[in-house]
Peer 1: 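This structure is in structure tokens; I'll ask about it shortly.
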Amino acid sequence: MQKLKDNQHNKSNGRSVLVIGGGVGGIRAALDLAESRRNVVLIDTSYSIGGLMTQLDRTFPTNNCDLCTVSPHLSENTRQIHLDLKPMTQLEQLTGETGNFKATLVTEPRYIDIDKCTACGECHKYFPEAVRFTPGLDPRAPTCMRYPQATPYAFSIDMEKVTDINALKKVCKADAIIPDDTQKKVTIEAASIVLSVGAQLFDPAILDNFGSGQFENVVTGLEYERIMSASGPFQGDLVRVSDKKPPKKVAWIQCVGSRGINKADVPYCSGVCCMYALKEAIVTKERFAESIETTIFYMDMRTYGKDYELYLNRAKNDYGVRMIRSRPHSIIEDHKTKDLSITYAVEEEVLTKTEAFDMVVLSTGFRIPETTIDLARRLGIELNLHNFAKTDHFNPVKTSRPGVYVCGVVESPKDIPETMVQASAAASMAASNLPAIMDVPESENDFIPERDVSGEEPKIGVFICDCGLEIGGVVDVDKMVEFAGARPDVVVSQAVGYGCSSDSMALIEASIKTNNLNRVVIGGCSPRTHETKFQDLLRRAGLNKYLVEIVNLRDQNTWAHMGQPKEALDKAFKLLGIGISGVRKSRPLMDQTLPMNQNALVVGGGVTGMTAALQLAGQGVKVYLVERSAGLGGLAKSIRKTIQGDEVGPFMNQLIDDVTAHENIQVLTRSIIVDHSGIPGRFKTGIQTGPRMNYMQLDHGVTILATGALPNRPDAYGLGTHDSIVTQLELDVLIEDNPEKIKAMNQVVMIQCVGSREPDNPNCSRICCQAAIKNALRIKAIDPDIQIFILYRDIRTYGFQEDYYRKARDLDVKFIRFSLDNKPEVRVENNRVSVFVDDVILGRKIQIETDYLALSTGMIADDETTEDLSMMFHLPRTSDHYFLEDHVKLRPVDMSVRGFFIAGTTHSPKTIQESITQAYAAAGRAQTLLAKRQINLGAAVAKVDGSKCAACLVCVRACPFSIPFINEDGYSQIDPAKCQGCGVCAADCPAKAIQLLAFEDDQIMAKLDGLFGGLN
Amino acid sequence: MENFEPEIVAFCCHYCAYTAADMAGSKRISYPPNVKIIRVPCTGKVDAIHIMKALEKGADGVYVAGCLEGDCHFKNGNTRAGYRVEHVQKYLEELGWETERVAMMNMSAGMGEFFARTALEFTQKIKQLGPSPIKRINIDKSQKAVG
Amino acid sequence: MKTQSKLEKVLASGALAVTSEVGPPRGAIPEKVKEKAGLIKDHVDAINVTDNQTAMVRMSSWAAGVIIKQMGLDPILQMVTRDRNRLAMQSDIIGAYSMGINTMMCLSGDHVKFGDHPMANGVFDLDSIQLVQTVKKMRKEGKFQGGADIKSPPKMFIGAAANPFADPFELRVMRLAKKVKAGADFIQTQCIFNLDKFEKYMEMVCDRGLDQQVHLLAGITPMKSAGMARYMKNKVPGMDVPDEVIKRMEAVPKEEQPEEGIKIAIESIERLKQVKGVHGFHIMAIEWEEKVPQIVEKAGLFPRPVL
Amino acid sequence: MTLQTKFSKGEFVILAEMNTPKGIDISDLVTNVRHLKSRIDAVVIPDMDNGVMHMSALAGGAIIRQQGLEPMIHIYGRDRNRMALQGDMLAAHVLGIHNLLVVQGENIAHGDHQNAKLVDDLNELDLLVMVHSLLKGTDLAGFELKGKPEFFTGCQVQPIQDDEHLEKEFISAKVKVDAGAQYIIVPPVFDMAWYTQILNKFKSLNVPVIATVFMLKNVGMARYISINDPGSRLSESLITRIRKSKDREAECIRIAGEMIKELKSVAAGIKISASGWEDRLPAILDCAEL
Amino acid sequence: MITAEQKPLSEIIEYISPYDRILLVGCNECVTVCAAGGRKEVGLLASALTLHFLKQGRTIDIKEITLERQCDPEYVEELVSEIDRADAILSMACGCGVQTIAERYKEKPVFPAVNTKFMGASESQGIWVERCRGCGDCLLGITGGICPVARCSKQLLNGPCGGTSNGKCEIDPDVECAWCLIWERLKALGMEKRYEEIMEAKDFRPAGGGGPRKIIREDLSL
């Protein structure tokens, strides 16, 4: 946290955004803001941030290890100069208004000085009652760090569990323990508030039928994650709690506590449980044993997200996960074996069935805890009937109180990608109450000028941390100091205690100056976490930041070899040898920079593109809004009402007016993109515009793709052959524009999944279930006597849409299920439309004559357009032709090419509200780039020595990014602005004409020499 | 040869293997201290010559550890590194050295245990093979001198 | 008559010519040559003597030819450009002619890779067409390839090979035309199994009027077994054995397969006799010379004309 | 040999359209001209085409002249009155610009200066009359000029959708020819049969008929034209062809090249419009084997 | 480009075993491009040799140097400063380079470390194929740009032999039949007629049949 203090002055010159809650959503929002040079205060009641995601084992759909994907995300945190992280802190009071809030924050005592704690774990070692964080399975230790990459990287103490505080104080060599730590209260000025406190997971113990809490082998989904996790109670072995034996048969029960009307149930759908149950089942088979039988009991499989249906198909077809459509009513435990038997009924059969399992996982959903309700009251925001934050229908991150925004599960149940999208959207909205980014000057680094060390003989200073006992307790620091001091060119060699503490940093800085050092070696912990810190120290001391080498004495030596002190000392010598030899060959390097172009190109003038354009324009960004048709509006212009009953038309007209009138937005209709070049931050895109296709080039720093999707019109169920067979979109218009015609109807049939979830378009279109229910409810509102039949495969009214589904059932809308291999049949006889369908429950085929047949056709990707653009912009697409984001979980609006963002239905099918949210998110993410005046390209780039180059083309062919080319002078040229720094070309070059800066061959050779005692 | 402690160089990529090694440390998982890591941005940067030079300068074994197949941060650097390791193995074969003295490994950043296990297995293998032929001759000589 | 060749005479008479071949032994065994030639002596007009066939070292073709000549028969000297340069080839031609050999085939020869000296250097100083040209020049102009005059030039009746089945098909007739233009008097073809394709080829040959300029002897090989048929289809480059032929061979019991093979050969001859431009047959009974008389007789090509 | 002589000798004439820059950086224009110098007969310089402000065509023409190529500049009545136009024409002659193409100025509403004041003093026919008058040595007010300029002047016709439309445009073209137009440029059509029919019809006016080859750039653009310009008759199969190709840009260049090849026997010449991709013109000419 | 391939290490070792100080010379031209003798390969070979001799308990002094071109005397002259410190020279250049060095430094043994293979072109990364035999009398103008001398296994000049099948050469189904390629190309160029002309017996003097070849440009020579 040293850095935060150093840069405290940065914070005084502007108000902050207060982000409440340090889960992935809060972290994302805070990082987005900090990256766009906005000051942020991030508070969390916990000891360290990370929230729910850090407890998960792996995440779908890639089944990646979460820790790996989340940890770089978290450590980013400490680098942000605009970010003030306050763990164990709550909001007490909020006064004032938008742009000018005063928030009173209360921080609980941690009893550990974060600045001093080095996370050595000594305290933990001596109080080892429970090391791991394993909710529900292990008690919490008195001192705790939740997981290896915790942020802040410091322990905390639960004073209630401490018996002898002096003993504890003694073991801490860093003297970080503060026994008399007290609660602290501060008031900060905030322009906006972002609420991202998430929700709790439902505790099923109060349900008596499933035995949760009583039967050892009944666990919740989260407990199952912990059991599978490598950092969990069984070190990553999947075993039953009762006998620690691997299970052979595991069952999942869905919707435990959700979608219910019984005691303790909530009526809404928690949205995420279907996917996590599928993931847990797949991971069980993938990682543990193919032979473990996995069964999921479910009501509707709600795999409505992007490519989620493919995941479901994989679970069923590739992994053989068994799916039973049933809601079991009880679990009984065998007292001896602790096996479990589940009793359940299936629709097709009269009798109930009973089946035995080794383990049962209860898929529990989200609940808003009392603490959140309380917090909402303090924030002065309204909650909806389910106690989630009530938000604007056309801006789901905006609460009832201006200036207060929400994201993540506290807004509605959702999964990680959607939380990330909302977080970026909330950050973007929050920033709009601050001065526009274009007007915020970039803080100048007040570093002294770099000293020119060329021509100087190496003068190396070696500074070795003992890191308390972490290093010094295993190896003799004095001996290392002595060893290092005897190496050639080393003029200073000394121990510095905790090298990363502010005292030591000051000492090193002074030593560099007084001894005129020109190279520095730090013996301490991993360069992964501390290199930046010491690089900054060098800059402060007037040295180029690439003249420091960090020797990993702790993480890769004393920690790993604590039981072998002799060997560890020997290895420490060798590692120091590597570092000292290496640093002698290091050279001052310049980070490559280019000025950033601060214009944005938004492709697509639908609701998404317009929202994003407007949001950016409001921040002073010049926006080119390129639309291929003659007018703005896109698909949303043909929608009349949302399921919540809001009129879309007036909203769209206002949006179009705002966009057209905005001085920072240049609307280019009838425009086609034809070429593209440049690097992130400096793109050049050619368009043909206007009726005569005039060519022009646009210069821009970022690109937001919002090209949308197409309404699907498959050749199915007689669509297009009869006036009464239409799509839901057409029905929506008819209801609004011609209610008389509706009134004249007696029966209406709707068929779901038309052209979706089928082999040639396997994914779910997500919007059709709610669209059908929306239209059904509106028809019922016109005339409750009209009979409505909805033929469906699974009803996917996720989140609060479930309320409307229930209402439709209450209003006697008939839901009839069919399966993919037994689809309904449509016949037209005597100009009358009839639908034939097998009723599963009745067990026979029924005929429904209908006045109107509405087909839920959903959306389909605009293959032609996304293909064209993906080729020009070099962007990947999914197998069903939507754009593919960089990381489906953590970077859902960023594309793999930096500077490109996607939003709306060009990403995947979604509702207007979801598109708007993503538009704000994309605008927010774009600002993180646009906020920069310079593009820093780093220093590790390949450099060609033209005099050695044989122009053999090896680099041209080997580069994974196609950067090198043979220039006019006949040798290879590598644009440092484009080079990614992997070094493949340098390794392959047969003439050894290419060097990767910061990793030059002579430096690697020097390191080998250092290791083997030779002197280079 | 009982108490032979081999010197092993591991070229680890910053993004995966190096992080995995840190992870092993933070979990206090022990592995042989014989393994010394040299950090590279990507295993694609590791040239055959780096491996050869390591052997020449005195390593008894060298391995290159990169990201899992298909997970390279730079698309295919780890695959290319694999080819180069094979190339070095061909040289060693021609020279009559044990090709097992060099190896390619793949792991993700989170695989701390795996890092430790492979480090152990590789060290054990090199112990079985004994000192590098370069060192062996010196040992033989010194023994002869003594004898 | 351009030459003293018996084959030329037979062809000039308008009769269907019949040739067959003898592979010289891999050793100094003149008896072997005599024995093989003896088997077919009454049933053919001339006997090809192969030149290091399949790139294996054998008794030199001109020497074996001399032995056959001494038997009172008519050898056809085969000569491949693979093993000798233009000097060696021309000297051999003069030598052979001096020993009474007046008919020859100009070939490029199988690649050394297939033989027992794969490490040998393939010479290929000339290609087969250039060899034809060279022999023609020797006969017609009385000059060596290099331009010097020949005292008493050899008058060889010049043959060349054609494979109607190798790729590219459309080039096959053109290549034949080139050989004719270079001076080939007669052509022996590769073994013919795909008669449909061959007839198409001959149509094209006649369309170009080549049948008026050269005598074409259709290559016939009796197959000993279905295995051999399959081998020729799959392993011998440039060979076209239709599946029906293989099926037909497979359809009969193994012990009857040789008979079936001969039957196919005879049927082929019967059919090809009708084809315009076919002036005779070259029967290549590989290591099966004893069957040649039977084939010739049953195909109605016996007795041979006496000129 | 001037453009006019080439036409009279029946040579197939190749014109390339190149815009002046929106700004003062003429390097792209000059580079593109240099790459094409020996391969084309003249460069057509539009003047504020599409209602988008650019450097004036007169200056563009002078630059082309400096580079040793023949310029052909657009003249139109939208932005200038008869005084300015006549003055510019005289200047054109002096600067060595002798080829004029009389066009209809596009609607200002589609351009980048939508608030500009529309002049429209002279229409296309008036312009032809004006040029004719200048050629005779008299200005539109009847005053005698000091020295007569020389011009080779042509006209354009509008996109043609169907037979009826063709008839209409034909009559309008006839009037223009009667008023002094010495050649006709026909807008792009992608269906060769239809294009041939159109070109043949105009041939009967006994002046050279020049076809326009419009370079497509990707599927999006082809799709746009197929929807918005029915007269271009851009077929679905052409779009599919671009989509199916491995390198779409190369395919678009090939398509343009093939069209030129076919037009050689139908038209007196072609005008290639690469709109912004003038650096690809040499590749198009390669494909057209010119 | 001239292509080459490193010799088996055992052969190289045999050459240089008698010597203690080796000058290992690379070439920055063709052999660099075909990854046989550029700076990188020089380094690798030096390292491999060092490993070998260290294993025998011998320390051999291997000095690495890569010349711009080994076939030009001026560049070879650059070795002068090193030559006295070497007992033998190991050249990684093509045969031309080896000989240029041998000619200049007569007192030192020079050994080749590579086998010079052929004049080839790069088919794709890491693959080189023979394209020219340097016959001194280029036929490509009449064979559609495909050389029958270099690419036909029998160097036939008048068309494919009878062993072609599926467009492949009889000696190896992975090798394209040069004449099939030529024919396709001639057809594409509308030059089928060319094929019908008989190509006369080749004059092998320009191909080296007349002894070592030489090019003299009098206007350039001094």
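Treat the numbers as computed from the prediction; the structure is a model and nothing was measured. Excluded from the calculations below are hydrogen atoms, water molecules and symmetry mates; all remaining heavy atoms, backbone and side chain alike, are included. Below, read A as the first sequence line, B as the second, and so on, with proteins coming before strands; counting in each chain starts at 1.
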Peer 1: So which part of E:C161 gets closer than 4.5 Å to some heavy atom of chain C, the side chain, the backbone, both or neither?
Peer 2: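 Interface part for E:C161: both.
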Peer 1: Output the distance between atom CD1 (C:I158) and atom OG1 (C:T103), rounded to the nearest 0.5 Å.
Peer 2: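 The distance works out to 10.5 Å.
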Peer 1: Check for a donor-acceptor pair, side chain of C:D185 on one end and backbone N or O of C:G159 on the other, with a separation under 3.5 Å.
Peer 2: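 Between the backbone of C:G159 and the side chain of C:D185 there is no qualifying donor-acceptor contact (under 3.5 Å).
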Peer 1: Salt bridge (Lys or Arg N to Asp or Glu O under 4.0 Å) for E:E184 and E:K187? Distances and angles first, verdict last.
Peer 2: CA-CA 5 Å; E:E184 286 306 321; E:K187 272 199 298 185; 3.5 Å; yes
Peer 1: Considering non-hydrogen atoms only, spot the tightest contact between E:T164 and E:C180 and give its length.
Peer 2: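 Of all heavy-atom pairs spanning E:T164 and E:C180, the closest is CG2-SG, 3.5 Å.
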Peer 1: Go through the atoms of C:A182 and report whether side chain, backbone, both or neither lie under 4.5 Å from a heavy atom of chain E.
Peer 2: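 Both backbone and side chain.
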Peer 1: Kindly say whether E:G43 contributes a backbone atom to a donor-acceptor pair with the side chain of E:S47 at under 3.5 angstrom?
Peer 2: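 Here the side-chain-to-backbone pair does not exist.
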Peer 1: Can you tell me how far the CD1 atom of E:I146 sits from the CZ atom of E:R185, to the nearest 0.5 Å?
Peer 2: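 If we round to the nearest 0.5 Å, E:I146:CD1 and E:R185:CZ are 6.5 Å apart.
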Peer 1: Hey, does the Lys NZ or Arg CZ of C:K2 hover above the aromatic six-ring of C:F157, less than 6.0 Å from the centre and inside 45° of the axis?
Peer 2: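 Cation-pi check for C:K2 and C:F157: fails.
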Peer 1: For residues 148-156 of chain E, which side-chain donor-acceptor pairs fall under 3.5 Å, sequence neighbours excluded?
Peer 2:
from   : atom 1 : to     : atom 2 : distance (Å)
E:K154 : NZ     : C:G109 : O      : 2.8
E:K154 : NZ     : E:E170 : OE2    : 3.4

Peer 1: With a 4.5 Å heavy-atom cut-off (strictly below), which parts of residues 229-241 of chain C touch chain E? List them by number.
Peer 2: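 Answer by number: C:P237, C:G238.
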Peer 1: Tell me, side chain or backbone of E:K168 under 4.5 Å from chain C's heavy atoms, or both, or neither?
Peer 2: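 Neither part.
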Peer 1: Short question: side chain of C:N52, backbone of C:A55 - any donor-acceptor pair under 3.5 Å?
Peer 2: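 No: the side chain of C:N52 does not pair with the backbone of C:A55.
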Peer 1: Side chains of C:Q90 and C:T134: any donor to acceptor distance under 3.5 Å?
Peer 2: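 There is no such pair (donor and acceptor under 3.5 Å, judged by atom type) between the side chains of C:T134 and C:Q90.
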Peer 1: Looking only at heavy atoms and a cut-off of under 4.5 Å, which of C:D167, C:L107, C:V123, C:N163 has the most pairs with chain E?
Peer 2: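 That would be C:D167.
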Peer 1: Between C:K179, C:R172, C:K181, which has the largest tally of heavy atom pairs under 4.5 Å with chain E?
Peer 2: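 When all of C:K179, C:R172, C:K181 are compared, C:R172 has the most.
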Peer 1: State, to 0.1 Å, how close C:S128 and C:S108 come at their nearest heavy-atom pair, and which atoms those are.
Peer 2: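 It is CB-N, 3.6 Å.
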Peer 1: Looking at E:G162, E:P173, E:C177, E:G167, which has the largest count of heavy-atom pairs under 4.5 Å with chain C?
Peer 2: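 Ranked by heavy-atom pairs under 4.5 Å with chain C, first place is E:G162.
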Peer 1: Tell me, side chain or backbone of C:K113 under 4.5 Å from chain E's heavy atoms, or both, or neither?
Peer 2: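 For C:K113, the side chain is the part near chain E, not the backbone.
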Peer 1: Looking at C:Q145, C:Q190, C:R86, C:R82, which one has more heavy-atom pairs under 4.5 Å with chain E than the rest?
Peer 2: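 If we count pairs closer than 4.5 Å to chain E, C:R86 comes out on top.
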Peer 1: Sort by residue number and list every residue of residues 190-220 of chain E having at least one heavy atom under 4.5 Å from chain C.
Peer 2: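 Contacts with chain C: E:E192, E:Y195, E:E196, E:E197, E:I198, E:M199, E:E200, E:A201, E:K202, E:F204.
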Peer 1: For E:Q56, does the CD atom have more than 12 heavy-atom neighbours from other residues, nucleotides or ligands under 6.0 Å away?
Peer 2: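 Enclosed: over 12 neighbouring heavy atoms sit under 6.0 Å from CD of E:Q56.
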Peer 1: Just how far is it from atom CD of C:E199 to atom CD1 of C:I192, taken to the nearest 0.5 Å?
Peer 2: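 With rounding to 0.5 Å, CD (C:E199) is 10.0 Å from CD1 (C:I192).
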Peer 1: Determine whether a donor-acceptor pair (N or O, by modelled atom type, separation under 3.5 Å) exists between the side chain of C:N48 and the backbone of C:T50.
Peer 2: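 The answer is no, because no donor-acceptor pair under 3.5 Å joins these two groups.
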Peer 1: Please determine whether salt bridge (Lys or Arg N to Asp or Glu O under 4.0 Å) holds for the pair C:R84 and C:D51, giving the CA-CA distance in whole Å, both sets of side-chain angles, and the decisive distance to 0.1 Å.
Peer 2: CA-CA 11 Å; C:R84 300 168 184 82; C:D51 184 9; 3.1 Å; yes
Peer 1: Quick one: OG on E:S10 to OH on E:Y15, what's the gap to the nearest 0.5 Å?
Peer 2: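 Taking OG in E:S10 and OH in E:Y15, the distance rounds to 10.5 Å.
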Peer 1: Quick check on the structure: residues of residues 87-116 of chain E within a heavy-atom distance below 4.5 Å of chain C, by number.
Peer 2: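 Under the 4.5 Å heavy-atom cut-off, nothing qualifies.
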Peer 1: Are any side-chain N or O atoms of C:N85 and backbone N or O atoms of C:A88, one a donor and one an acceptor, separated by less than 3.5 Å?
Peer 2: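 Between the backbone of C:A88 and the side chain of C:N85 there is a qualifying donor-acceptor contact (under 3.5 Å).
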